[in-house]
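Convention: sequence-line order gives letters A, B, ...; per-chain numbering from 1.
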Amino acid sequence: MADTLGILGRKLGMTRVFGSDGTAIPVTVIAAGPCPVLQIKSDTTKDTYSALQIGFEQIPDRKVNKPERGHQAKAGKDFYRFLREIRLESVDGYELGQDLTVDMFTPGEKVKVTGTSKGKGTQGPMKRWGFSGLGASHGHEKKHRAPGGIGQCAYPSKVFKGKRMAGVMGGDRVTCINVEVVDVRPADNLILLRGQVPGPKNGLVMVRKQQ
Amino acid sequence: MNAIRKIEAEQMRMDIPRLHSGDTVKVHLRIIEGEKERIQVFQGNVIRIRKGTANSTFTVRKISDGVGVERIFPMHSPFIERVEVVGEGKVRRSRLYYLRRLRGKAARVKIKNTWE
């Protein structure tokens with residue numbers, strides 16, 4: 001259950017930078033943190049498990065309702081839009097109100113990135129599952145992107161659960177592993193990651209250490 | 001977007017001259033062979049400029065031993081030592097793809113009269 005330390009951020013978009021050897025590297029720019037620790041859960045608290053609750057993106061107090069305000073005020077920081085929990089093996093060494101920043105990452109390191117993928121709406125099996133579809137010609141009529149057969153006959157006389165079919169695609173929680181950190185800019189709270197990251201621009205992402 | 005603009009501005013090279021389609025250019029390229037580094041020159045006509053901040057590219061076409069050769073250079077690549085504009089061309093469009101189907105004398109770009 002225990003996870004690794006991470007930070008919340010927003011995906012700003014993609015660009016390219018030139019590496020030290022001159023090659024062009026496609027990068028995703030993420031504005032991450034600083035994320036204050038708003039709650040510490042451990043064996044000694046009533047939660048009976050170890051976790052850190054971190055906040056991201058300050059909001060004015062008029063946007064926070066009373067129960068939320070009471071909870072967030074305990075850390076003695078401002079109010080935050082997003083609160084997320086990170087389960088850890090041990091929370092020793094973390095203090096309430098301590099800021100987690102992009103400093104925890106170093107260029108060259110591999111990280112995990114979690115986000116919500118772009119919603120694609122209702123899609124057929126070809127786009128959603130990569131089916132090949134049916135023939136484009138040779139007498140195929142009105143069935144070019146259909147799934148084809150979806151089961152057998154008298155036995156089992158049903159379609160198995162989980163059969164891949166058309167439906168809503170995207171909008172899922174997606175985690176990418178082994179994403180390389182190209183650059184870290186603590187002054188601007190930016191992380192540059194090689195390649196793509198799940199989700200749209202301005203989407204919330206979590207960047208976590210790999211171990 | 002400002003953060004991305006800033007990153008791109010850092011990547012851009014300000015020493016590259018302003019290029020136009022039809023210009024004859026010499027692109028001095030850094031070639032790394034093993035440990036040695038040398039400069040190779042690629043001379044030809046600019047037939048396309050793709051705009052963009054750090055992502056902009058330009059395509060140079062030349063005729064090498066009777067065979068057309070095109071190379072696409074990232075405008076801000078560190079592999080480019082320098083770009084020299086040899087001559088300005090007089091052209092009426094920005095993408096000179098028509099040069100590809102022309103051969104010999106017809107495949108030349110008119111030179112602009114800069115004294116006019």
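Contact annotation: the side chain of S21(B) never approaches that of D23(B) to less than 4.5 Å [non-hydrogen atoms, C-beta and beyond]. Residues V37(A) and E95(A) are not in side-chain contact: their nearest non-hydrogen atoms beyond the backbone lie 4.5 Å or more apart.
Counting non-hydrogen atoms of other residues, nucleotides and ligands closer than 6.0 Å to CZ of R173(A) gives a total of 12 or fewer.
For the pair R87(A) and Y49(A), the cation sits on the ring face: its NZ or CZ lies under 6.0 Å from the ring centre, inside 45° of the axis.
Looking at residues two or more places apart in sequence or on another chain, you find a side-chain contact (heavy atoms from CB on, under 4.5 Å) between K118(A) and K120(A), P200(A). Remark: V168(A) engages T122(A) in a side-chain contact (heavy atoms from CB on, under 4.5 Å) (not counting sequence neighbours).
Salt-bridge check for E8(B) with K6(B): failed, with every basic side-chain N at 4.0 Å or more from each acidic carboxylate O. Using a cut-off of 4.0 Å between Lys/Arg side-chain N and Asp/Glu carboxylate O, E109(A) and K209(A) are scored as salt-bridged. Salt bridge annotation for D15(B)-R82(B): absent, with no cationic side-chain nitrogen under 4.0 angstrom from a carboxylate oxygen.
For V29(A), the part lying under 4.5 angstrom from a heavy atom of chain B is the side chain only.
The interface of residues 177-189 of chain A with chain B, defined by heavy-atom distances below 4.5 Å, comprises R185(A), D188(A). Residues from residues 36-56 of chain B that place a non-hydrogen atom less than 4.5 Å from a non-hydrogen atom of chain A comprise A54(B), N55(B), given in numerical order.
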### Task
Start with the C-alpha distance between F73(B) and F58(B), add both sets of side-chain angles, then the distance that settles ring-ring contact (aromatic ring centres under 6.0 Å, His included), and finish with yes or no.
CA-CA 5 Å; F73(B) 298 103; F58(B) 61 99; 5.4 Å; yes
